[in-house]
Amino acid sequence: MKARVLDSADVLRVVDLLRSLGYQVMAPFVEEGGDGAFALVTDENRDDIALHIHNPLYPPKRFALPAIEPLLEIRGHGAETRFRPLVEAPRVAVFGIRSCDVAGIDHLDRFFLGGAYRDIYYATRREALLLVNVVCTQPGVDIGEACFCPCTDTGPAAREGFDLQLMDLGDEWLALAGTPRGEALFDEAIFRRATPEHVERRRALLDQLRTKFRTYTSWFAAAVSRITRGEVPEGTWEEIGRRCLECGGCTYVCPACTCFTVSDRPDGPDRTERVRIWDSCALSGFTRMAGGHNPRKAVHDRRNRRFYRKLSQPFIDRERSVACVGCGRCADVCHGDVGMPAVVELLRRGPAPQGDPTSVAASPQRSDLEAGGRP
Amino acid sequence: MAHPLTTCTFCGAGCGLHLETQGGRIVGVYPSRSHPASQGRLCVRGWHVHEISSAPDRLRRPLLRTKREGTEFTEVTWDEAIAFLVERLHAIVSRHGPEAVALFCSPRCSNEEAYLLQKLGRAVIGTPHVDHGAGVYANNSTDVLARLLGCPAATGSIADLDRSEVILVDGLDLARQLPTIAGRVIRARLRGAHLIVLGERSHRVAEHAEHFLQIRPGTQARLYAAMAKVIADRGLHDREFLRDRCQDADTFLNAVREVDLLGAAAACGVDPAQIEEAALAFGRARSAAILYSTASPRSPDVIEALVSLSLLTGNVGRPGGGIFPLAEHNNLQGVCDVGMLPDWLPGYRPVTSAAGRAEVERRWGTSLPAGPGLSAAAVFSAREPGPIRALWLTRYDPVGTGPGAARLLEACDLVVVQHVFRTETAKYAHLILPTTAFGEEQVTFTSTERRVQLAAQAVPPPKGVEPAWRQLAQVARALGASWTYPSAAKVMDEIAEVVPFYAGISHAALARDHGRQWPCTPDRPTGTRTLYEACDRVVPFRLISPPARPHEEPVDPSYPLTLVFGRSDHYWNQNVLVQHSETLRRENRLLLLDYPDGFVELNPEDAKGLGVRDGERVRVVSVEGAAVTDARITPEVRRGAVFAPFFASQVQALVQGSDPEAPALLPVRVEKEVSAP
């Protein structure tokens, strides 16, 4: 992998370069209330790009798989019905995508492109998508309380899956090219040769950063083993189900989740648009069939399905990893604290003592951390 | 800003969320991590607002009914629409008087549109009949809290539930109706808070409770009185608080000590030891919060009893304690604050108060109609034709959410519907006015924790569609008023002048920090997190003693079960917004798919005794009549209770005979329905 170095002051010029090449560049900005978001870079906001920021909650998978994606336009009736595919391929560059999210895009690639059926909508967007990965280097800023990418081996620095990777070494940034597209950017004058010393600084910094992930952990091995062997007590699933409020949030924010449904939306008497919308196996109707049968009717059966899909050995064999990238978003959006870290803890521990739910509270709550513990 | 920050359009939790837009449409949504109440969480409805907002089948032009009978409409211009409206209104008012007109809104209307709607009714047309559509139970809550405490609103903040040592949830399926708050409660429980749940029906949050008192329908007041007795007997009441901040504490304590605990336990159908344990947990807590829903059947005496319990233990004014009358609609609190109530003017001035009316009359420069108006519940449930001949409905779909409305709408000479989509109600309109949807205008909503929040405009409305508040101003001008509101912000500026506890609120102020909790006044510019903190209070709180001999309805052996109707479970089922999301429609109609003719819910043991199996047809018989529907057998329902979900219209019609102002608890019997050959 080719490496280069650039001055800190020149980092945003990579954004300018991409824009000049015709990409719509999405970069992180601080929003109202301190939340972060990837948004389109314009001349007006270019200087406001926030290089170091808590990973925005809205996952960048949306640039390859939008939350609502038009598929077809249907016009006319009966024999005159006409279908027009709506396939879009805007050239989008995501500047500042995190290593965990890069791994997520890889999961989506395997799902939408890697099997017998190749999804034309996904493929078209993906081919036009350029990923500039920025490595998380600032604990408390880039690295949030819910992050646990070392547990999924997806960070803090991705090893593959990006076109270009940028890492803040202090006064200089190290750039790695992951693809020919990324390498082509090295023709720019802002890039100069990297030395072995730079590579060593990167290695040392990453070693140090891995110790900064303390709050949430997710030690998968035992959980994988138990779930694969069917050794998780029913009571554990029921506990998880009791805490789940069936909002779908974990699926929507998960960089590795791919489920969707299709909806036809009428637009006047003569036109219908068919769209693809994110869906979630947390929801009761997800598996309900015509005729009424629902193989995953009870909420704990649905939660069982999710974690089996993400953690069991047959799926790991197929996907090359657990279907989790350690971003921590599911923990952030979950009402009942049954995101991945908490569930892995529950699976590892085995059955809870009867009637004592506090014994299975796995992860410290953000409000706890803010308030400095219970009053 | 890339993704405008706004607040959800569904329930009263007031979650913060960001909208992603593209090409003038809302295409995505995600939660605001920094929001103090929702903290990065949303429920399934919030996660789908973008789907609804981008639905293409919007109303785009005013529609006038072409024939006297029938439902054909023709597109007209705004000028034609207004002209028709003015002419028809004048005709009705000159023949029947202004009291023939009623204006009702959805509890999801913005503060700006609700304020102008009631002003249009009272100040321009001269009718006292203004109300929101959430129903009588909400108004009971408003009345009692105003009378006992002074302020009809939650005394605390949602975030402070993290500090509650005890949380008591009364009578609502919190996890389904206000999931973000349920999440807080569950997480508090996981950290060791005690959870007490009261109600006839089990639900997700009840599964987490150490103390689940599955009481008989309608016995909450007795339960609260029994808890108060245990607390008083054990000396766990807050003597200082009672002495310094309450009236008639001694009378109350004496009455409470006389409560017959064993009798109450028998009436409630629970073990007296259970009541005692729950009471001790409540009484010993450093902070105990009571959560109930304003959308569930609840008579004034129940609310009086729970307020008195909270006062007895000194919890009102304590962060983590207090009373949460939860609003299940995103702006129920706001529409009440700005006066969409038949017996309260803006700012909770009673219509009967001469001083209050004078203040509002002075600011508006008009005189106001005397006397309270009719509530929406009264108008729509009346058996005989009443005085109403003209109806203005803003975002409100009474036909879609209950029976009775259709009959009245057919009889009216003028029905005006302002909405986003073509609803069931719109079929009965003479004039349909299209209006702005969520995300298409900058307006404000007030959540259940008194948080007034700015909903930013994310996309422009469809061409030619105006905000509802602007349409109301146009109509007022056409009727002769001199209203000028160049922006929604200006409407809020007027609200701030008329509603004292909104005095410090403006759109500019709300654009910071996720809004402001009222009272927000010049001396409290950042708002108020907890009401009635020790430093604030001047007028003493009122305690209401439990009755010495509680009324016990003798059980008629012909009607041994109690039908519980009107609880909000499945309220959103028929809602037009929900119908416009593939996912929400799917999730909300799941039960209906299993029971396509509707259902009532029965406990398995009761069902067994009746020989009824799940899915079989049953006849629900009361002294008023009978309704036939299907039975859904579930252990979630208490023995002796029969549940009719919100939308079961045949069953609702059965209940219609009873007083619309009282909770719907009807003695019934259930019979297996033998199908006709």
Side-chain angles (χ1 to χ4, degrees), chain A residues 29 31-35 37-40 45 54 56-59 62 66-68 242-243 245-249 252-253 261-268 271 273 275 277-280 282-286 288 292 294 299 332-337 357-358 360-361 365-368 371 374-375, chain B residues 1-5 16 18 20 22 27-35 39-44 46-48 50-51 54-57 159 162-163 175-176 179-180 182-184 186-187 189-192 204 207-208 210 286 320 456 511-514 580-583 586-587 589-590 593-594:
Chain A
F29 294 91
E31 296 248 275
E32 235 173 281
D35 301 323
F38 281 96
L40 182 66
N45 68 20
H54 195 165
L57 194 53
Y58 202 22
R62 66 191 167 99
I68 300 184
R242 264 197 298 277
R243 283 156 61 166
L245 298 190
E246 305 170 74
C247 70
Y252 301 145
V253 296
T261 188
V262 173
S263 180
D264 282 351
R265 312 207 287 184
D267 180 10
R271 184 181 182 271
E273 63 172 14
V275 297
I277 310 170
W278 288 352
D279 201 349
S280 170
L283 305 178
S284 185
F286 185 76
R288 190 191 190 279
N294 192 344
V299 61
D332 278 347
V333 301
C334 184
H335 297 273
D337 189 27
T358 56
V360 295
Q365 295 300 302
R366 231 169 330 115
S367 56
D368 254 354
R374 285 207 70 236
Chain B
M1 205 222 335
H3 302 145
L5 178 65
H18 289 276
E20 180 197 9
Q22 199 177 66
V27 296
V29 61
Y30 60 95
S32 164
R33 260 197 188 114
S34 53
H35 193 277
Q39 273 193 337
R41 277 98 175 173
L42 287 178
C43 76
V44 69
W47 277 108
H48 287 272
H50 59 308
E51 218 190 315
S54 60
D57 62 329
D162 291 351
R163 305 162 66 162
R176 201 205 315 262
T180 309
R184 286 260 183 195
I186 290 173
R187 295 195 303 278
R189 172 81 185 95
L190 291 172
R191 285 196 303 273
R204 183 62 56 76
E207 288 166 26
H208 288 266
E210 294 111 309
R286 275 176 293 176
R512 301 189 277 277
D513 310 326
H514 300 286
H580 280 81
S581 155
E582 179 82 34
T583 310
R586 178 186 78 193
E587 296 304 307
R589 74 177 173 192
L590 277 174
L593 291 172
D594 289 337

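Throughout, a chain's letter reflects where its sequence line sits, starting with A, and its residues are numbered from 1.
Taking the six-membered ring where the residue is Trp, A:Tyr58 and B:Tyr30 present parallel rings, their angle staying beneath 30° rather than reaching 60°.
The two residues B:Pro56 and A:Pro266 make their nearest non-hydrogen contact at CG-O, 3.6 Å. A:Gly34 and B:Ser34 get closest at one heavy-atom pair: N-OG, 4.5 Å. Across B:Ala175 and A:Leu245, no two heavy atoms sit closer than the pair CB-CD2, 3.6 Å. B:Gly40 and A:Leu57 get closest at one heavy-atom pair: O-CD2, 4.3 Å.
Of the atoms belonging to B:His48, it is side-chain heavy atoms, and not backbone ones, that fall under 4.5 Å from chain A. Looking at B:Leu42, only its backbone comes within 4.5 Å of chain A, counting heavy atoms on both sides. With a threshold of 4.5 angstrom between heavy atoms, A:Arg288 approaches chain B through side-chain atoms but not through N, CA, C or O. At a 4.5 Å heavy-atom cutoff, B:Asp513 makes no contact with chain A through either its backbone or its side chain. Interface remark: A:Val299 contributes side-chain atoms only to the contact with chain B (heavy atom separation under 4.5 Å). In this structure, the portion of A:Asp264 lying under 4.5 Å from any heavy atom of chain B is its backbone and not its side chain. Neither the backbone nor the side chain of A:Arg271 has a heavy atom closer than 4.5 Å to any heavy atom of chain B. For A:Phe29, no part lies under 4.5 angstrom from a heavy atom of chain B. Looking at A:Leu283, the atoms closer than 4.5 Å to chain B (heavy atoms on both sides) sit in the backbone and in the side chain alike. At a 4.5 Å heavy-atom cutoff, the contact between B:Thr180 and chain A is made by backbone and side-chain atoms alike. Heavy atoms of B:Ala511 lying under 4.5 Å from chain A belong exclusively to its backbone. Residue B:Glu20 touches chain A through its side chain alone, counting heavy-atom pairs closer than 4.5 Å. Looking at B:Thr583, only its side chain comes within 4.5 Å of chain A, counting heavy atoms on both sides.
A:Arg243 has its side chain within reach of B:Ile186: a pair of non-hydrogen atoms, C-beta onward, lies under 4.5 Å apart. Between B:Ser54 and A:Ile68, the closest side-chain pair of non-hydrogen atoms falls below 4.5 Å. Proximity of B:Glu587 to A:Glu246: side-chain heavy atoms (C-beta onward) are nowhere separated by under 4.5 Å.
Within the model, atoms CG of A:Asp35 and NE2 of B:His18 stand 3.5 Å from one another, a figure rounded to the nearest 0.5 Å. Rounding to the nearest 0.5 Å gives a distance of 6.0 Å between CD1 of A:Ile277 and CD of B:Glu582. Expressed to the nearest 0.5 Å, how far CZ of B:Arg187 lies from NE2 of A:His335 amounts to 8.0 Å.
Counting only distance, with no hydrogens or angles, the side chain of B:Arg41 and the backbone of A:Cys334 share a donor-acceptor pair below 3.5 Å. Not a single donor-acceptor pair under 3.5 Å links the side chain of B:Asp57 to the backbone N or O of A:Arg265. Here the side chain of B:His208 pairs a donor or acceptor atom with the backbone of A:Arg242 at under 3.5 angstrom.
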Practice prompt. Go through the steps for B:Leu5 and A:Glu31 under the test side chain to side chain contact (heavy atoms under 4.5 Å, CB included), then give the verdict.
Written response: CA-CA 9 Å; B:Leu5 178 65; A:Glu31 296 248 275; over 6 Å; no
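Counting heavy-atom pairs closer than 4.5 Å to chain B, the top-ranked of the candidates A:Ser284, A:Gly336, A:Ala67 is A:Ser284. Note: B:His50 leads B:His514, B:His50, B:Gln22 in heavy-atom pairs under 4.5 Å with chain A. Interface remark: of the candidates A:Pro56, A:Ala282, A:Gly249, A:Gly268, A:Gly249 forms the most heavy-atom pairs closer than 4.5 Å to chain B.
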